[in-house]
Undergrad: 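The following block contains the structure, expressed as structure tokens.
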Amino acid sequence: MIRSTKYLIPPARGALVTRPQLTRKLEEGMETKLTLLSAQAGYGKTTALSEWARQCRASVAWVSLDKYDNDWGAFWSCVLASIRERLPLFGESIEFLLEQESAASIDFAVSAFLNELSSIRGDFVLILDDYHVIENTFVNESIRYMLEHLPPYFHLYIASRTELSFPTTRLLAKGEINVIRIEDMRFELGEGVVFFREMTNLSLTKRQISTLFEQTEGWVSGLQLAAITLKRSGNIADTIRQFSGRQRQISDYLLEEVFGHLSESSQQFLLATSVLSRMNGELCAAVTGKADSQVQLERLEQLNLFIIPLDEQRDWFRYHHLLSEFLQQLCARDYPELWRLSHHRAAAWHENEELYEEAVEHYIRTEQAEDAVRIIDRIMPELLQSKSHVVRRWINGLPESSFEHKPMFQLYRISQFLMNRDWEQGLRKAEQAERRFEAMEASIPEPEWKQLMGNLYYLNALFFRMQQNMPRALHYFELLEHYLPEGSSLQKASTKRYLGHEGFGDPLSLTVDLHEMEQFQLKLITMWGKKPNYPFVGYAYLSYSSLMHEWNRLDEAESCIGQALSRKDLRANVWTWIHLGLVSSRLKQALGREEEAIDSLTYLVSSVDSPDQPVIWKRIKAEQARLYLLQGQRQKAYDWLEQSGMSHSDEVSAGYFEEYLVMVRVIAGNGRIKDALQLFEKLERLADKESRLREQIRLKILHSMVLRQSEEPQAALAPLVIALRLSEPLGYIRSYLDEGPQMVEMLAELLNQQQKTALTLLPSNYIRLLLDAVSSNLSPKSLSNEALTEKEEKVFELLAEGFIYKEIADQLNVTQDTVKFHLKNIYRKLRVNNRIEAIMRAKEYRKRV
């Protein structure tokens, strides 16, 4: 019951002041996507919403949020559970949303949630009360994204003390937000008169009520507190005159006045139970040691002392936030021993009732770390499957000294540093754990100890791999092989998930020294390649085949990819399998098998079993669009752009870097050069921020391709030169060749300029290597048997050197029209269609002669 009360609409508290204007304002939300109640504590947001919800014609799901929900998994757990109170089968297919990785792909996670909403029939309302406790960036962004795509029958109501942490300007401009602010929540004077005369039985004059309104500015809780105080006052006029100051001062004054007039037993009861977020008589008795706790709760409710029932039977209650905050602050400050004792007793009661999560929370609050660790150790296996976010928060909140004797705690903590990309800190913790584990060798069974050491060595290897220290990474992988020949159990965690990897989608993204990586990956393939069930070897196959493709060693790349795709165990790791498929498709394109390249991508998505199917489709569809551009099928690429749901004005993230790269190409190909450059600048800032050399090079190449299509095509050569200088030491080839004929034209033009002006900073040998690679990778048609004339051979020779029409005309002292005439004959004899193909055929011709 203690959990389900979060999802119950708070019951009515007896007679209430009728507020038709506020009710109408709330009802207007049924015509909008979002209704926001934004007001400070005590303005009756919860009361107004609960009363309206009970009268609402639609189905209503309610969530009472608290500070423990400020987490991706916790928040979405609440949302799903609340909707299931009305629709029991809702969301069974999207449990994966609760996993940590989902936060890395907000639009995918929320898209899956929105798709689930399609099963709802009729209007549906979701109320999120106390949303101000949610500060998590991913949660706020997910709500923002959700609001942009909500179906018209789903309405979100949010009550918050603060303004929302995400922009709502677009919703406001479209008339899709209904805002209810303090001025709407305040009691009007007429409502105040009704409140005091009919709800409090106080005989106040209209002038006295007006004075209270001036002092409290219609603040509902201030008026309620004033009523409680005035009932005990011997001189109502004097008491009213003492009300002054700001809202916070008034509430403190009134709460102190109310609290000070209670009996000592009631005060002690309130202070002791202030540590509870929800309570019933039995729990309060355990915390206070008083058998009459249920009577105390009922008496407090009769006093209208800011205590709120959570169920119709009035078994469970919570304190109003104003009262709860006041009591907790007072108890922790003035009665620290009572504070600790109450938390301890609350923890013990929850543990006895097998409410282990609540027990852990109280043990942590009272710094009883050993007890918290004891329970976490007991329930960790179950929670890691369903609430890993809770375990992560607990372990991160505990002192490390409390779980030094719990190796699995330490491994899990270390793995979080890896997921959070805090590699240096994680490596330090791993080195400390290594010393602890080594000292435990004699005290635990050998198989268990080897399991610990192997898992730790696996994490160590990953940390060093991320830091580009290949010798140390290989050392730890070899130790892993010695201790756990069948591999670490951590390798197989969340293998069906596509998310949560290095962010940028390129397998070579984290690599600086490609030659060192070549040897590193070969050793791993040699070490693990013959193991039948070792999915982690897929990363080695992927990296090695990607490198062979980049270096234009296509036969080796295809052989490596073939070995990888023939393994059944690699299908279990979705991220690796998808990227192997992407590399395979690019290889087919490079080898001239264009239809196979496209078809293999269509098959790829159907070959995986993953809850992340939509985000996988997004990646593959973008890759298809890139191939369509290369193959001249521009309309299909434009169709992808229209259907992608992406825009050049989006905020970009590393997780969708590859998709936005494709978008730049498609937008530029559609003539929208300004938009393409705007998006390009965002991607460039992201790559610079992350210090990703590979992405920086690829972006310079992309920049040149976009500028080549602009009104100043010569501007394209400057970023291309930068890319060439950066990539020459790395030996990049396919990053240029895969751009197609336009890149070949620019490379030839650069080489020609270098020959004419003797540019010393231009890597001319590297450019020649790239141009030679172009011709060697073509599958040329047979050269014609018809011989070229002497003049045609001279034109042909200059063409092969990369000269443009005007320059050839100047060299031969003829007009450009004459050059074009000769070129037409050359094209016919060589069976080519354009100048680029002729350059390539020229190289073939020279080899033959």
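We number each residue from 1, following the sequence as shown.
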Undergrad: For S64, give me all partners under side-chain hydrogen bond (donor to acceptor under 3.5 Å, both in side chains), at least two apart in sequence or on another chain.
TA: W62
Undergrad: Are the aromatic rings of H362 and H344 close, with centres under 6.0 Å apart?
TA: no
Undergrad: Salt bridge check, K6 against D69: does any charged N sit closer than 4.0 Å to a carboxylate O?
TA: yes
Undergrad: Could you report the tightest heavy-atom contact between T273 and M279, atom names first, then the distance?
TA: O-CE, 4.0 Å
Undergrad: With sequence neighbours excluded, tell me which residues meet side-chain hydrogen bond (donor to acceptor under 3.5 Å, both in side chains) with K33.
TA: none
Undergrad: With rounding to the nearest 0.5 angstrom, report the OG to CH2 distance, S274 to W339.
TA: 5.5 Å
Undergrad: Of all residues at least two apart in sequence or in a different chain, which pass the side chain to side chain contact (heavy atoms under 4.5 Å, CB included) check with N178?
TA: K25, E28, T32, T35, I180
Undergrad: With a 4.0 Å cut-off, would you call E27 and R57 a salt bridge?
TA: yes
Undergrad: Per the side chain to side chain donor-acceptor pair (under 3.5 Å) rule, which among E351, R378, H350 passes with Y356?
TA: R378
Undergrad: Could you give me the CA-CA distance, side-chain angles and deciding distance for K406 and D377, then say whether salt bridge (charged side-chain N to carboxylate O under 4.0 Å, His left out) is met?
TA: CA-CA 8 Å; K406 297 289 184 182; D377 191 41; 2.8 Å; yes
Undergrad: Does a donor on one side chain and an acceptor on the other come within less than 3.5 Å for T47 and E51?
TA: no
Undergrad: Looking at residues at least two apart in the chain, or sitting in another chain, which of them share a ring pair (Phe, Tyr, Trp, His ring centres under 6.0 Å) with H155?
TA: none
Undergrad: By ring pair (Phe, Tyr, Trp, His ring centres under 6.0 Å), which residues pair with Y335, not counting sequence neighbours?
TA: none
Undergrad: Are E353 and W349 close enough that some pair of their side-chain heavy atoms sits under 4.5 Å apart?
TA: yes
Undergrad: For the residue pair N140 / Y131, report whether a side-chain donor-acceptor contact shorter than 3.5 Å exists.
TA: yes
Undergrad: Between K67 and E361, is the closest basic N to carboxylate O distance under 4.0 Å?
TA: no
Undergrad: Between the main-chain N or O of R161 and the side-chain N or O of H132, is there a donor-acceptor pair closer than 3.5 Å?
TA: yes
Undergrad: Is there side-chain contact between Y68 and E357, with heavy atoms separated by less than 4.5 Å?
TA: no
Undergrad: Please give me the minimum heavy-atom distance between I395 and F403, naming the atom from each residue.
TA: O-CE2, 3.8 Å
Undergrad: Taking it one step at a time, do Y157 and W52 satisfy side chain to side chain contact (heavy atoms under 4.5 Å, CB included)?
TA: CA-CA 11 Å; Y157 282 66; W52 173 81; 3.3 Å; yes
Undergrad: So for atom CZ, which belongs to R207, do other residues, nucleotides or ligands contribute more than 12 heavy atoms lying within a distance under 6.0 Å?
TA: no
Undergrad: Tell me every residue that passes side chain to side chain contact (heavy atoms under 4.5 Å, CB included) with P399, counting only those two or more places apart in sequence or in another chain.
TA: A369, S401, S402
Undergrad: To check you understand the geometry: which heavy-atom pair defines the closest contact between K45 and A159, and what is its length?
TA: CB-CB, 4.2 Å
Undergrad: D130 versus S160: any side-chain heavy-atom pair under 4.5 Å?
TA: no
Undergrad: List in chain and number order the residues that pass side chain to side chain contact (heavy atoms under 4.5 Å, CB included) with K290, two or more places apart in sequence or in another chain; answer none if no residue qualifies.
TA: T288, D292, S293
Undergrad: Is the number of heavy atoms from other residues, nucleotides or ligands under 6.0 Å of Q425 CD greater than 12?
TA: yes
Undergrad: To check you understand the geometry: which heavy-atom pair defines the closest contact between M30 and A58, and what is its length?
TA: CE-CB, 3.8 Å
Undergrad: Between S266 and S263, does any side-chain donor sit less than 3.5 Å from a side-chain acceptor?
TA: yes
Undergrad: Is there side-chain contact between S277 and R318, with at least one heavy-atom pair below 4.5 Å?
TA: no
Undergrad: Please list, chain by chain and in numerical order, all residues satisfying ring pair (Phe, Tyr, Trp, His ring centres under 6.0 Å) with Y363, sequence neighbours excluded.
TA: none
Undergrad: Just to verify, what does F90 make a ring pair (Phe, Tyr, Trp, His ring centres under 6.0 Å) with, not counting sequence neighbours?
TA: F113
Undergrad: Could you check whether any side-chain heavy atom of W316 comes within less than 4.5 Å of a side-chain heavy atom of L8, counting everything from C-beta outward?
TA: no
Undergrad: Any salt bridge between R181 and D184, counting N to O under 4.0 Å?
TA: no
Undergrad: First locate atom CD of E298, then atom CZ of F317, and finally report the distance between them rounded to the nearest 0.5 Å.
TA: 6.5 Å
Undergrad: Roughly how far, to the nearest 0.5 Å, is the CD atom of E358 from the CG atom of L276?
TA: 11.0 Å
Undergrad: Which distance, rounded to the nearest 0.5 Å, do you find between the CG of D66 and the CG of D129?
TA: 11.0 Å
Undergrad: Under the side-chain hydrogen bond (donor to acceptor under 3.5 Å, both in side chains) rule, collect the residues that match up with E367, sequence neighbours excluded.
TA: none
Undergrad: Enter the distance from I379:CD1 to R374:CZ here, rounded to the nearest 0.5 Å.
TA: 11.0 Å
Undergrad: With sequence neighbours excluded, what pairs up with R413 under the side-chain hydrogen bond (donor to acceptor under 3.5 Å, both in side chains) test?
TA: N396
Undergrad: Nearest 0.5 angstrom please: L147 CG to E176 CD, how far?
TA: 9.0 Å
Undergrad: Can you name the residues that form a side chain to side chain contact (heavy atoms under 4.5 Å, CB included) with N70, not counting sequence neighbours?
TA: I134, E135, N136
Undergrad: Of L126, L49, V125, which meets side chain to side chain contact (heavy atoms under 4.5 Å, CB included) against V60?
TA: V125
